[in-house]
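Each remark here refers to the structure printed beneath this line.
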Amino acid sequence: MKTVKSVLLFAVGILFSAALFSQTEEGTSSADELAKKLQNPVASLISLPFQMNYDAGVGPADGNRMTLNIQPVVPISLSEDWNLIGRVILPVISQFNVFGESGSQTGTSDAVLSTFFSPKEPTGSGWIWGAGPVMLIPTASEDLLGSKKFGVGPTVVALKQVGKTTFGFLVNHIWSVAGDEDRSDVSNTFVQPFIGKNFAGGYALTAQTEFNRNWEAELNSGFAHLIGSKVFKIGKQMSQFGLGPRIPYGNGNTADWGVRAQIVLLFP
């Protein structure tokens, strides 16, 4: 397990560094341009988001969970017409009494690696899209932090940007194909519709929900978010900060409330 996790982290670092240093110096994009690109999951923009989610009142023991999602996004030009966008989500979790009186656990959870093949130009009707494989990699450092399963499946994103408004959706489904035979199989559908509005000065307001259907357990769960954000500089580093409420719903999610904060490092 440690070997898998080390290889994944090394690969992400190499991919991110290679793509970063292969970029030509085109100057610094304006805050408004960057804020609009950030509404597009398959934009040609290298970014390194650090997303912090806090959930309170989890489970019968009123537990709590803090999740830091490290989410590098790297676009690679394949040809004059196509990009390949790679995105890794590696959760680092600290939780207490999430599964009843289960005590505390801290460490990495399972990583999700998505790759989107995306045309560089929108369709004639203005839609931007990308599709490709998604993989679940068992990088959890403790039993209660992951599935102990390898999984694969398809992922699709589609969106449209009209003026300063962006709307669209991201969908994936993952089936387990290997791993610990004593653990439950994985068959999860993830759906994320979103709509965002940009404002002058690099400000944006985004509403989205993250819905998950666990077909093995027949449970639905999710969170709705309303995130206000601003593009700004930390020294010479272009960045974005976002903050907003995290509202749980569904029969598979027992948190009472939550909050999301994120900072995104941008490399235009």
Q | Residues forming a salt bridge (charged side-chain N to carboxylate O under 4.0 Å, His left out) with Lys36, sequence neighbours excluded | A | none
Q: Please collect all salt bridge (Lys or Arg N to Asp or Glu O under 4.0 Å) contacts where either partner lies in residues 176-188, sequence neighbours excluded, each pair once.
A: Lys149-Asp185
Q. If you look only at pairs with a residue in residues 200-221, which of them pass as a salt bridge (Lys or Arg N to Asp or Glu O under 4.0 Å), with sequence neighbours excluded?
A. Glu210-Arg260
Would you say [Y] ends up clustered with [X] if hydrophobic residues are merged whenever their side chains have heavy atoms under 4.5 Å apart, either directly or through other cluster members?
| X | Y | value |
| --- | --- | --- |
| Phe267 | Phe232 | yes |
| Leu170 | Val73 | yes |
| Leu84 | Leu45 | no |
| Phe169 | Val191 | yes |
| Leu68 | Val112 | no |

Q. Is there a side chain to side chain contact (heavy atoms under 4.5 Å, CB included) between Leu243 and Val259 once you walk through the steps?
A. CA-CA 8 Å; Leu243 181 67; Val259 64; 4.2 Å; yes
Measure the shortest side-chain to side-chain distance between [X] and [Y] over non-hydrogen atoms and say whether it is less than 4.5 angstrom.
| X | Y | value |
| --- | --- | --- |
| Leu34 | Pro268 | yes |
| Pro41 | Leu159 | yes |
| Leu136 | Phe150 | no |
| Thr108 | Ile93 | no |
| Leu38 | Val231 | yes |
| Tyr203 | Lys230 | yes |
| Gln240 | Gln262 | yes |
| Phe223 | Pro248 | yes |

Straight-line distance of [X] [atom1] to [Y] [atom2], nearest 0.5 Å:
| X | Y | atom1 | atom2 | value |
| --- | --- | --- | --- | --- |
| Thr115 | Ile76 | OG1 | CD1 | 10.5 Å |
| Ile174 | Asp110 | CD1 | CG | 9.5 Å |
| Ser125 | Lys160 | OG | NZ | 5.5 Å |
| Ile227 | Gln208 | CD1 | CD | 7.0 Å |
| Asn212 | Asn188 | CG | CG | 4.5 Å |
| Leu48 | Ile70 | CG | CD1 | 8.0 Å |

Q.
Please determine whether side chain to side chain contact (heavy atoms under 4.5 Å, CB included) holds for the pair Ile128 and Asn40, giving the CA-CA distance in whole Å, both sets of side-chain angles, and the decisive distance to 0.1 Å.
A. CA-CA 9 Å; Ile128 300 166; Asn40 176 5; 4.0 Å; yes
Q: Could you walk me through whether Thr209 and Tyr249 pass side chain to side chain contact (heavy atoms under 4.5 Å, CB included), step by step?
A: CA-CA 10 Å; Thr209 184; Tyr249 63 88; 2.6 Å; yes
Q) Can you pull the ring pair (Phe, Tyr, Trp, His ring centres under 6.0 Å) pairs that have at least one residue in residues 46-67, sequence neighbours excluded? A) Tyr54-Trp257
Q: Check each of Leu205, Thr166, Thr165 against Ile195 using the side-chain contact (heavy atoms from CB on, under 4.5 Å) test, and report the only one that passes.
A: Thr165
Please answer whether the main-chain N or O of [Y] pairs with a side-chain N or O of [X] as donor and acceptor at a distance below 3.5 Å.
| X | Y | result |
| --- | --- | --- |
| His225 | Gly244 | no |
| Asn172 | Val134 | no |
| Asp55 | Ala255 | no |
| Ser229 | Phe241 | no |
| Ser239 | Leu265 | no |
| Thr139 | Ser109 | yes |
| Asp32 | Gly201 | yes |

Can you name the closest pair of heavy atoms from [X] and [Y] and give their distance?
| X | Y | value |
| --- | --- | --- |
| Asn69 | Pro91 | OD1-CB, 3.4 Å |
| Thr155 | Ser114 | CG2-CB, 4.4 Å |
| Val264 | Ser47 | CG1-CB, 3.8 Å |
| Pro154 | Trp175 | CD-CZ3, 3.7 Å |
| Ala204 | Gln39 | CB-NE2, 3.7 Å |
| Ala35 | Gly202 | CB-O, 3.8 Å |

(Q) Once side chain to side chain donor-acceptor pair (under 3.5 Å) is applied, what residue pairs with a partner in residues 89-106 remain, sequence neighbours excluded? (A) Ser94-Thr106, Gln95-Gln105, Asn97-Glu101
Q) Which pairs count as side chain to side chain donor-acceptor pair (under 3.5 Å) when at least one residue sits in residues 72-88, sequence neighbours excluded? A) Ser77-Lys120
Q: Decide side chain to side chain donor-acceptor pair (under 3.5 Å) for Trp129 and Ser118; before the verdict, give the C-alpha distance in whole Å, the side-chain angles of both, and the deciding distance to 0.1 Å.
A: CA-CA 6 Å; Trp129 65 275; Ser118 177; over 6 Å; no
Q: Please check if any side-chain donor atom of His173 sits under 3.5 Å from a side-chain acceptor atom of Ser187, or the reverse.
A: yes
Q: Dump the intermediate steps for side chain to side chain contact (heavy atoms under 4.5 Å, CB included) on Val156 and Phe116, then the final yes or no.
A: CA-CA 8 Å; Val156 176; Phe116 299 92; over 6 Å; no
